[in-house]
Amino acid sequence: MKQVLALKYRPKQFRDLVGQDTISSTLSLALDTKRLSHAYLFSGLRGSGKTSTARIMAKSLVCNDGPTSTPCDKCDNCISANENKHLDIIEMDAASNRGIDDIKDLIEHTKYKPTSARYKIFIIDEVHMLTHQAFNALLKTLEEPPEFIKF
(Lines give C-alpha, C1' and ligand atoms only; values in the text may rest on other atoms or scores of the structure.)
Protein backbone atom coordinates (compact mmCIF):
# COMPACT_ATOMS: atom_id res chain seq x y z
CA MET A 1 0.00 0.00 0.00
CA LYS A 2 1.39 3.39 -1.00
CA GLN A 3 1.73 6.02 1.69
CA VAL A 4 2.62 9.70 1.61
CA LEU A 5 6.26 10.22 2.66
CA ALA A 6 5.32 12.64 5.44
CA LEU A 7 3.11 9.97 7.01
CA LYS A 8 5.54 7.12 6.36
CA TYR A 9 8.35 8.89 8.21
CA ARG A 10 6.24 10.64 10.86
CA PRO A 11 8.04 10.53 14.23
CA LYS A 12 6.71 7.97 16.72
CA GLN A 13 8.56 9.13 19.87
CA PHE A 14 9.51 12.49 21.37
CA ARG A 15 13.19 11.73 20.74
CA ASP A 16 12.44 11.44 17.00
CA LEU A 17 11.09 15.00 16.69
CA VAL A 18 13.61 17.12 14.80
CA GLY A 19 14.18 20.70 15.95
CA GLN A 20 11.66 20.49 18.80
CA ASP A 21 13.96 19.81 21.76
CA THR A 22 12.29 22.32 24.07
CA ILE A 23 8.73 21.06 23.61
CA SER A 24 9.89 17.44 23.65
CA SER A 25 11.67 17.85 26.98
CA THR A 26 8.81 19.90 28.47
CA LEU A 27 6.15 17.35 27.53
CA SER A 28 8.39 14.42 28.55
CA LEU A 29 8.94 15.96 31.97
CA ALA A 30 5.20 16.59 32.40
CA LEU A 31 4.43 12.97 31.49
CA ASP A 32 7.14 11.48 33.70
CA THR A 33 6.16 13.56 36.74
CA LYS A 34 2.41 13.01 36.09
CA ARG A 35 1.82 16.77 36.03
CA LEU A 36 -0.67 16.76 33.19
CA SER A 37 -2.98 19.47 32.00
CA HIS A 38 -6.43 18.83 30.55
CA ALA A 39 -5.60 20.64 27.30
CA TYR A 40 -2.53 21.43 25.22
CA LEU A 41 -2.24 24.00 22.44
CA PHE A 42 0.44 23.48 19.81
CA SER A 43 1.25 26.38 17.53
CA GLY A 44 3.87 26.98 14.90
CA LEU A 45 4.62 27.19 11.24
CA ARG A 46 3.27 24.72 8.73
CA GLY A 47 5.29 21.51 8.86
CA SER A 48 6.83 22.19 12.27
CA GLY A 49 5.39 19.03 13.82
CA LYS A 50 2.28 20.19 15.69
CA THR A 51 0.10 17.23 14.71
CA SER A 52 2.97 14.76 15.07
CA THR A 53 3.65 16.06 18.58
CA ALA A 54 -0.04 15.80 19.45
CA ARG A 55 -0.16 12.19 18.22
CA ILE A 56 2.96 11.26 20.21
CA MET A 57 1.45 12.92 23.28
CA ALA A 58 -1.79 10.99 22.78
CA LYS A 59 0.07 7.70 22.45
CA SER A 60 2.11 8.52 25.56
CA LEU A 61 -1.11 9.04 27.50
CA VAL A 62 -2.80 5.81 26.40
CA CYS A 63 0.24 3.48 26.60
CA ASN A 64 -0.17 0.64 29.10
CA ASP A 65 3.13 1.75 30.72
CA GLY A 66 1.98 5.36 30.91
CA PRO A 67 1.45 8.08 31.08
CA THR A 68 5.10 7.96 30.02
CA SER A 69 7.45 9.97 27.84
CA THR A 70 8.66 6.76 26.19
CA PRO A 71 5.66 4.72 25.01
CA CYS A 72 6.48 1.05 24.52
CA ASP A 73 5.13 0.75 20.94
CA LYS A 74 4.34 -2.89 21.79
CA CYS A 75 1.07 -2.82 23.74
CA ASP A 76 -2.28 -2.87 21.98
CA ASN A 77 -2.87 0.81 22.77
CA CYS A 78 0.44 1.90 21.22
CA ILE A 79 0.02 -0.29 18.15
CA SER A 80 -3.49 0.98 17.43
CA ALA A 81 -2.34 4.58 18.09
CA ASN A 82 0.51 4.15 15.59
CA GLU A 83 -1.98 2.84 13.03
CA ASN A 84 -4.38 5.76 13.73
CA LYS A 85 -7.06 3.23 14.72
CA HIS A 86 -7.30 3.80 18.47
CA LEU A 87 -10.92 4.27 19.56
CA ASP A 88 -9.97 6.65 22.37
CA ILE A 89 -7.87 8.99 20.21
CA ILE A 90 -10.26 11.08 18.17
CA GLU A 91 -8.73 13.38 15.59
CA MET A 92 -10.87 16.06 14.02
CA ASP A 93 -9.91 18.31 11.13
CA ALA A 94 -11.52 21.63 12.02
CA ALA A 95 -10.81 23.00 8.55
CA SER A 96 -13.33 20.53 7.10
CA ASN A 97 -15.60 20.09 10.14
CA ARG A 98 -15.89 23.65 11.30
CA GLY A 99 -19.57 24.10 12.08
CA ILE A 100 -21.47 24.05 15.34
CA ASP A 101 -23.08 20.68 14.52
CA ASP A 102 -19.61 19.11 14.21
CA ILE A 103 -18.61 20.50 17.61
CA LYS A 104 -21.88 19.36 19.21
CA ASP A 105 -21.09 15.87 17.96
CA LEU A 106 -17.60 16.11 19.46
CA ILE A 107 -19.00 17.36 22.79
CA GLU A 108 -21.39 14.41 22.82
CA HIS A 109 -18.37 12.07 22.64
CA THR A 110 -16.85 13.70 25.74
CA LYS A 111 -19.67 12.34 27.89
CA TYR A 112 -18.55 8.74 27.47
CA LYS A 113 -15.60 7.13 29.23
CA PRO A 114 -12.70 5.68 27.22
CA THR A 115 -13.15 2.16 25.87
CA SER A 116 -9.68 0.70 26.48
CA ALA A 117 -7.34 3.45 27.66
CA ARG A 118 -7.18 5.63 30.76
CA TYR A 119 -7.96 8.80 28.76
CA LYS A 120 -10.07 9.77 25.79
CA ILE A 121 -8.01 12.19 23.71
CA PHE A 122 -9.30 14.71 21.21
CA ILE A 123 -6.88 16.17 18.67
CA ILE A 124 -8.48 19.14 16.95
CA ASP A 125 -6.28 20.03 14.00
CA GLU A 126 -6.60 23.53 12.50
CA VAL A 127 -8.78 24.68 15.42
CA HIS A 128 -8.49 28.29 14.23
CA MET A 129 -10.76 27.38 11.31
CA LEU A 130 -13.80 26.77 13.55
CA THR A 131 -16.68 29.17 13.19
CA HIS A 132 -17.22 31.66 16.01
CA GLN A 133 -20.34 29.80 17.18
CA ALA A 134 -18.56 26.42 17.05
CA PHE A 135 -15.64 27.67 19.11
CA ASN A 136 -17.99 29.19 21.71
CA ALA A 137 -19.79 25.85 21.96
CA LEU A 138 -16.47 24.07 22.50
CA LEU A 139 -15.19 26.57 25.06
CA LYS A 140 -17.19 25.31 28.07
CA THR A 141 -16.07 21.72 27.50
CA LEU A 142 -12.48 22.90 27.03
CA GLU A 143 -12.56 24.81 30.32
CA GLU A 144 -14.07 22.05 32.47
CA PRO A 145 -13.71 18.62 30.84
CA PRO A 146 -14.33 15.34 32.69
CA GLU A 147 -11.17 13.95 34.34
CA PHE A 148 -10.77 11.27 31.65
CA ILE A 149 -10.71 13.75 28.73
CA LYS A 150 -7.59 15.40 27.27
CA PHE A 151 -7.51 17.91 24.43
Side-chain angles (χ1 to χ4, degrees), residues 1-18 20 23-44 48-127 129-130 134-135 137-151:
M1 182 171 147
K2 293 184 181 183
Q3 191 177 26
V4 178
L5 285 177
L7 297 179
K8 183 177 181 181
Y9 296 106
R10 175 170 273 177
K12 303 274 189 242
Q13 301 274 337
F14 285 117
R15 66 176 175 265
D16 300 334
L17 286 171
V18 176
Q20 301 297 336
I23 191 67
S24 294
S25 61
T26 302
L27 291 174
S28 294
L29 185 62
L31 286 160
D32 290 339
T33 59
K34 311 290 190 267
R35 298 186 70 187
L36 301 170
S37 180
H38 66 277
Y40 294 89
L41 177 65
F42 300 106
S43 66
S48 61
K50 300 176 296 288
T51 304
S52 295
T53 305
R55 287 181 176 183
I56 295 168
M57 183 71 175
K59 181 174 64 171
S60 298
L61 289 167
V62 300
C63 179
N64 288 347
D65 296 341
T68 179
S69 62
T70 53
C72 68
D73 283 332
K74 295 177 183 163
C75 67
D76 290 339
N77 285 329
C78 286
I79 292 169
S80 58
N82 282 337
E83 294 172 352
N84 297 325
K85 295 179 181 177
H86 200 289
L87 293 175
D88 295 324
I89 301 174
I90 299 157
E91 191 168 346
M92 175 183 161
D93 179 23
S96 303
N97 307 297
R98 54 189 305 248
I100 193 159
D101 291 334
D102 300 311
I103 292 301
K104 284 181 179 177
D105 186 43
L106 183 141
I107 291 170
E108 188 64 30
H109 282 84
T110 64
K111 297 176 183 174
Y112 304 106
K113 290 194 174 207
T115 57
S116 62
R118 72 184 54 79
Y119 297 110
K120 185 176 271 194
I121 298 141
F122 293 89
I123 300 172
I124 307 174
D125 202 10
E126 304 289 337
V127 73
M129 298 293 289
L130 289 175
F135 189 77
L138 178 63
L139 196 55
K140 182 67 174 171
T141 305
L142 263 177
E143 289 174 345
E144 299 173 6
E147 70 278 352
F148 55 84
I149 298 291
K150 300 285 185 196
F151 285 97

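The figures here come from the full heavy-atom set of this structure, side chains too, leaving out hydrogens, waters and symmetry mates.
- Side chains of Lys120 and Ile90 form a contact here, defined as non-hydrogen atoms less than 4.5 Å apart.
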Exercise for review: May I have the step-by-step check of salt bridge (Lys or Arg N to Asp or Glu O under 4.0 Å) for Arg55 and Glu91, ending in yes or no?
Suggested key: CA-CA 9 Å; Arg55 287 181 176 183; Glu91 191 168 346; 2.9 Å; yes
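- Between the side chains of Lys59 and Asn82, at least one donor N or O lies within less than 3.5 Å of an accepting N or O.
- Gln13 contributes no side-chain N or O that, together with a main-chain N or O of Thr70, makes up a donor-acceptor pair within less than 3.5 Å.
- Not a single donor-acceptor pair under 3.5 Å links the side chain of Arg10 to the backbone N or O of Thr51.
- A 4.5 Å side-chain heavy-atom check between Thr68 and Asp32 finds at least one atom pair inside the cut-off.
- In Lys34, the NZ atom is crowded: over 12 heavy atoms of neighbouring residues, nucleotides or ligands sit closer than 6.0 Å.
- Within the 4.5 Å cutoff, the side chain of Pro71 has heavy atoms near those of the Ser60 side chain.
- Side-chain atoms of Lys113 never come within 3.5 Å of backbone atoms of Phe148 as a donor-acceptor pair (strictly under, hydrogens ignored).
- Taking NZ from Lys150 and CG from Leu61, the interatomic distance works out to 6.5 Å, rounded to the nearest 0.5 Å.
- Here the closest non-hydrogen pair linking Asp16 and Pro11 is CB-CB, 3.7 Å.
- Rounding to the nearest 0.5 Å gives a distance of 9.0 Å between OG of Ser43 and CD1 of Ile23.
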Practice item. List the steps, then state whether side-chain contact (heavy atoms from CB on, under 4.5 Å) holds for Glu126 with Asp93. Key: CA-CA 6 Å; Glu126 304 289 337; Asp93 179 23; 3.9 Å; yes
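- Contact between Cys72 and Cys63 at its shortest, heavy atoms only, is N-SG, 3.5 Å.
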Practice item. Would you please test Gln20 and Ser48 for side-chain contact (heavy atoms from CB on, under 4.5 Å) and show each step? Key: CA-CA 8 Å; Gln20 301 297 336; Ser48 61; 4.1 Å; yes
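- What you find for Pro114 and Asp88 is that their closest heavy atoms are CA-OD1, 3.3 Å.
- Nearest heavy-atom pair across Ala95 and Arg98 is O-CD, 3.7 Å.
- Between the CG atom of Leu41 and the NZ atom of Lys50 there is a distance of 10.5 Å, given to the nearest 0.5 Å.
- In this structure, the side chains of Asn97 and Leu106 stay at 4.5 Å or more apart for every pair of heavy atoms.
- Of the possible donor and acceptor atoms, none in the side chain of Asp105 sits under 3.5 Å from a partner among the backbone N and O of Asp102.
- Contact check for Asn77 versus Ser116: side-chain heavy atoms found under the 4.5 Å cut-off.
- Looking at every heavy atom in both residues, Ser80 comes nearest to His86 through OG-CD2, 3.0 Å.
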Point to revise | Trace of the salt bridge (Lys or Arg N to Asp or Glu O under 4.0 Å) decision for Lys104 with Glu108 | key: CA-CA 6 Å; Lys104 284 181 179 177; Glu108 188 64 30; over 6 Å; no
Exercise for review: Applying side-chain contact (heavy atoms from CB on, under 4.5 Å), run through Leu27 and Tyr40 and close with a yes or a no.
Suggested key: CA-CA 10 Å; Leu27 291 174; Tyr40 294 89; 4.0 Å; yes
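- In this structure the side chain of Leu138 reaches within 4.5 angstrom of the side chain of Ile124, judged on heavy atoms.
- Side-chain atoms of Met57 and Leu31, non-hydrogen and from C-beta on, do get closer than 4.5 Å to each other.
- Listed by chain and number, the residues in a ring pair (Phe, Tyr, Trp, His ring centres under 6.0 Å) with Phe151 are Phe122 (sequence neighbours excluded).
- In this structure, Cys78 SG and Lys12 NZ are separated by 11.5 Å, a value rounded to the nearest 0.5 Å.
- Separating the CG atom in Asp76 from the CG atom in Asn64 is a distance of 7.0 Å, to the nearest 0.5 Å.
- The neighbour count for His38 NE2, taken as heavy atoms of other residues, nucleotides or ligands under 6.0 Å away, is above 12.
- Summarising the geometry, atom CG belonging to Leu142 is positioned 11.0 Å from atom CD1 belonging to Ile149; distances are rounded to the nearest 0.5 Å.
- Proximity of Met92 to Leu130: side-chain heavy atoms (C-beta onward) are separated by under 4.5 Å at one or more points.
- The shortest non-hydrogen separation linking Pro146 to Thr110 is CG-O, 3.7 Å.
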